[in-house]
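Below is one structure, written out as structure tokens; comments come after it.
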Amino acid sequence: MHFTRADFPEDFVFGAATAAYQIEGHGFGGAGSTHWDTFAATPGNVLGAQDGAVACDHYHRYAEDLDLLQAAGMDAYRFSTSWARVMPEGRGPVNQDGLDFYDRLVDAMLARGLKPYQTLYHWEMPSALSDLGGWTNRDVANWFGDFTEVIMDRIGDRVEAVATLNEPWCIAFLSHFLGHHAPGLRDLRAAARAMHHVNLAHGEAMQRLRARNQKNCGIVLNFDYAVPADNDPDTLAATDLQDGIANRWFIEAITKGTYPTVVTDGFGDHMPKNWQDDMDLISKPIDWLGVNYYTRHIIAPDREQPWPSIKALDDPLPKTDMDWAIFPEGLKNFLVRLSNDYVGDMPVFVTENGMAGDDRLSDDAVDDPIRAQFVNDHILATKDAIDAGANVKGFFYWSLLDNYEWAFGYDKRFGIVHVDYETQKRTPKASYHALAQALKTNR
Ligand code: IFM
């Protein structure tokens with residue numbers, strides 16, 4: 001790695017991220033059914049119909065996993081708390097075993113000097129709430145607010161920071177319009193409603209967090225770098241619309257209380273009635289912003305298709321195992337743009353960045369030089385953004401472990417630690433060792 005801690009501000013936090021359903025083993029400890037369990041059980045949705053029932057068995061092996069973070073010299077761990085583990089029906093009865101697990105987990109982080117960065121929702125909607133329409137039902141905001149109170153009553157006194165939602169674009173658009181993630185809808189009206197209700201749920205959860213004086217409350221958004229394929233006005237308009245749907249819809253709502261009109265025009269009458277009345281709650285101040293960044297897309301108009309009539313073209317850049325183009329400059333550009341146009345001096349964290357690789361275990365080691373280069377380049381892009389004035393306060397690699405990569409099952413490996421799913425043996429990859437070495441220098 002071509003950086004050391006001395007290249008970053010003294011309070012800069014290095015860490016790694018995971019999410020509950022992807023690692024814990026949802027079959028353990030009395031967790032309730034989620035829409036991912038039923039989505040995965042439906043043919044054609046998930047590679048091999050794999051689900052998160054066992055995953056990385058982190059539920060039982062969390063101490064070993066936290067030891068790996070500590071041994072790498074990390075400062076913080078970004079984790080999520082599963083709604084269906086804490087409230088198996090989404091509402092009403094609380095699963096004490098679930099609360100006890102998160103209580104142990106947070107204490108174990110603190111015992112190792114790791115700052116707990118919590119995310120309240122990383123995609124496991126309880127099935128009982130899915131039955132009622134999940135994110136398409138306006139009541140989801142209050143249900144989510146209630147869950148927020150239950151989990152924060154138990155661990156809120158010890159977490160360093162809390163995010164309401166992870167990647168609302170994925171929760172809403174990818175899952176209700178593109179149909180790639182649970183609940184797998186491809187429906188304009190459902191998407192319009194989910195797109196608004198995720199923001200409303202964020203606003204409601206923020207209000208509940210504020211009422212209990214919770215410190216460091218924010219949200220984690222994913223940003224998709226849209227590049228026009230050419231300078232044709234239709235191409236520029238398609239690119240602007242892509243940016244509107246993927247990026248501005250969320251950051252503009254949360255920081256300014258408005259939606260891009262190119263998107264509300266497209267949703268038309270399918271937007272929930274009187275959505276304008278919710279914008280005040282949605283745009284109440286946050287303390288920090290989480291930025292998830294992975295790739296860019298080259299955008300062109302798709303005249304064959306109805307709104308939004310956008311397509312992504314093949315990108316000539318080298319790609320990861322997800323077929324995602326590697327473009328570190330996009331991270332720098334987003335961090336600077338966010339600082340200039342939306343958040344000013346508010347602390348920003350790169351809450352996810354990483355890559356899937358074709359990793360092979362050989363002689364108890366995994367040589368992953370492309371990942372090491374990827375991490376290095378994106379951490380340096382973050383430094384460039386800081387040098388250009390962005391108030392970036394941390395960087396979390398996605399992910400600590402190979403894990404359940406949603407519709408791709410266990411096929412895609414993002415970890416700096418290899419997981420053998422037969423034995424659950426963890427093997428730190430070469431990128432883990434390189435990162436650990438960089439973090440130890442000039443500590
Ligand atoms: O694995 C996901 C994670 O759950 C959310 N952000 C993107 C990652 C890689 O696809």
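In listed order, ligands and their atoms are each counted from 1. Nothing fancy with the numbering, it's 1 onward along the sequence.
Taking any N or O of Asn403, backbone or side chain, none lies under 3.5 Å from an N or O belonging to ligand 1. In terms of polar-atom proximity, Glu352 is counted as a contact of ligand 1, with an N or O under 3.5 Å from an N or O of the ligand. In terms of N/O distances under 3.5 Å, ligand 1 is not approached by Asn166. Checking only distances, Trp123 never comes within under 3.5 Å of ligand 1, N or O to N or O. Polar contact with ligand 1: present for His122 (N/O pair, distance under 3.5 Å).
For the pair Arg154 and Tyr102, the cation does not sit on the ring face, since its NZ or CZ is not both under 6.0 Å from the ring centre and inside 45° of the axis. In this structure, Arg78 fails the cation-pi test against Phe396, since its NZ or CZ atom is not both closer than 6.0 Å to the six-membered ring centre and inside 45 degrees of the ring normal.
Side-chain contact of Arg426 with Tyr432: a donor-acceptor pair under 3.5 Å is absent, judged by distance alone. Between the side chains of His418 and Asp359, no donor N or O sits under 3.5 Å from an acceptor N or O.
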Applying side chain to side chain contact (heavy atoms under 4.5 Å, CB included) to Met152 and Gln118, what does each step give before you reach the verdict? CA-CA 10 Å; Met152 298 323 283; Gln118 179 193 3; 3.2 Å; yes
Determine whether Tyr259 and Ile282 satisfy the following criterion, side chain to side chain contact (heavy atoms under 4.5 Å, CB included), listing intermediate values before the conclusion. CA-CA 11 Å; Tyr259 285 138; Ile282 290 171; 4.0 Å; yes
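Using a 4.0 Å cut-off to heavy atoms of Phe414, the atoms of ligand 1 that qualify are 9 (C), 10 (O). Taking a cut-off of under 4.0 Å to the non-hydrogen atoms of Trp324, the atoms of ligand 1 that pass are 10 (O). Residue-ligand proximity, Glu405 to ligand 1, at heavy-atom distances under 4.0 Å covers atoms 1 (O), 2 (C), 9 (C), 10 (O). Near Trp406, meaning under 4.0 Å from any of its heavy atoms, are these atoms of ligand 1: 1 (O), 2 (C), 3 (C), 4 (O).
Here Phe408 has no heavy atoms under 4.0 Å from ligand 1, in either its backbone or its side chain.
A salt bridge does not link Arg248 with Asp341: every distance from a Lys NZ or Arg NE/NH1/NH2 to an Asp or Glu carboxylate oxygen is 4.0 Å or more. At a threshold of 4.0 Å, the pair Lys429-Asp402 counts as salt-bridged, since one of the basic side-chain nitrogens sits closer than that to a carboxylate oxygen.
Nearest protein heavy-atom neighbour of atom 8 (C) of ligand 1: Tyr294 OH, 3.5 Å.
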